[in-house]
Structures are given as structure tokens and as C-alpha cells.
Amino acid sequence: MRSDVAIILLIALLAANLPFLTQRWFFILRRGDAKPFVIRLVEFALLYFALGFLARAVEARLGSVHPQGWEFYAVTVSLFLVFAYPGFVYRYLWRKKR
């Protein structure tokens with residue numbers, strides 16, 4: 001059970017940083033110009049929901065799924081934003097402009 005949680009957290013760390021580490025639009029389309037920040041936010045939201053569905057599936061496999069209130073989603077979005085901080089820093093604050 002603990003290894004499932006650790007795997008979900010590692011996947012969340014990777015998924016939160018992925019929009020900032022690649023220039024491909026939605027991880028498929030390659031464009032010549034830089035990817036706009038709005039597209040990165042859309043990718044970020046899609047990955048958040050995909051990870052939520054994965055975590056819910058793991059929880060259902062382990063036992064009963066507990067109902068979640070708005071507090072749960074506020075905390076998980078905040079945690080996902082904290083996980084994305086290294087990728088954001090790399091993309092916008094640390095890398096030198098060419």
C-alpha cells in the first residue's frame with residue numbers, strides 16, 4: 001500500500017514539471033516557436049485531472065473510495081503547484097534567454 005502512494009507521488013512530481021520541460025504542445029505536436037504559458041497551464045490542468053483519475057483507480061483497487069470535499073481538491077491543487085515549482089523555475093527564472 002505504501003509503495004502505491006510513493007509511486008503516485010513520484011508520478012505527480014514528474015507530471016507537474018512536464019509542461020515546463022518540453023516544447024511540444026500537449027506532448028505531441030512540435031512547433032517551431034516557444035510554447036505559450038496558457039498552453040502550459042492547460043497541460044498542467046489536464047495532467048492534474050489525469051493524475052486524479054489514476055489515484056482514484058488505485059484507491060478503488062485497494063478498497064472503498066472515500067468521498068472528497070472541496071478541501072481535498074484545494075490541498076491537492078496546491079500540492080501539485082508546489083511540485084511544479086522546480087520546472088517553473090527552470091523554464092522562466094533560471095535558464096538564460098537565447
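On a predicted model such as this, the values are computed, not experimentally measured, just so you know.
Side-chain atoms of L9 and F83, non-hydrogen and from C-beta on, do get closer than 4.5 Å to each other. Counting heavy atoms from C-beta on, the side chains of L81 and F88 never come closer than 4.5 Å. Two residues are said to be in side-chain contact when any heavy atoms from C-beta on lie closer than 4.5 Å; N17 and Y90 fail this criterion.
Side-chain heavy atoms closer than 4.5 Å link hydrophobic residues (I, L, V, M, F, W, Y) into clusters, and following such links, possibly through other members, connects I7 to Y48. In the hydrophobic clustering of this structure, V89 groups with F20; members are Ile, Leu, Val, Met, Phe, Trp, Tyr whose side-chain heavy atoms approach within less than 4.5 Å, directly or through other members. The hydrophobic clustering, which links ILVMFWY residues whose side-chain heavy atoms are closer than 4.5 Å, places Y85 and V75 apart. Residue V77 is not grouped with residue W70 when hydrophobic side chains (ILVMFWY) are merged at heavy-atom distances under 4.5 angstrom, including chains of intermediate members. The hydrophobic clustering, which links ILVMFWY residues whose side-chain heavy atoms are closer than 4.5 Å, places F49 and Y73 together.
Interatomic distance, CG of L14 versus CG of L47, reported as 9.0 Å (0.5 Å rounding). The structure places CG of L13 at 11.0 Å from CG of L51, a figure rounded to the nearest 0.5 Å.
K35 contributes a side-chain N or O that, together with a main-chain N or O of T22, makes up a donor-acceptor pair within less than 3.5 Å.
A84 and A16 get closest at one heavy-atom pair: CB-O, 3.4 Å.
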With a 3.5 Å cut-off and sequence neighbours excluded, list the donor-acceptor pairs that the side chains of residues 59-67 form with protein atoms.
{"from": "E59", "atom 1": "OE2", "to": "H66", "atom 2": "N", "distance (Å)": "3.3"}
{"from": "R61", "atom 1": "NH2", "to": "D4", "atom 2": "OD1", "distance (Å)": "3.4"}
{"from": "R61", "atom 1": "NH2", "to": "D4", "atom 2": "OD2", "distance (Å)": "2.9"}

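Between F44 and F80, the angle of the ring planes lies from 30° to 60°, which puts this pair in the tilted group.
More than 12 heavy atoms of other residues, nucleotides or ligands sit less than 6.0 Å from atom CZ of F37.
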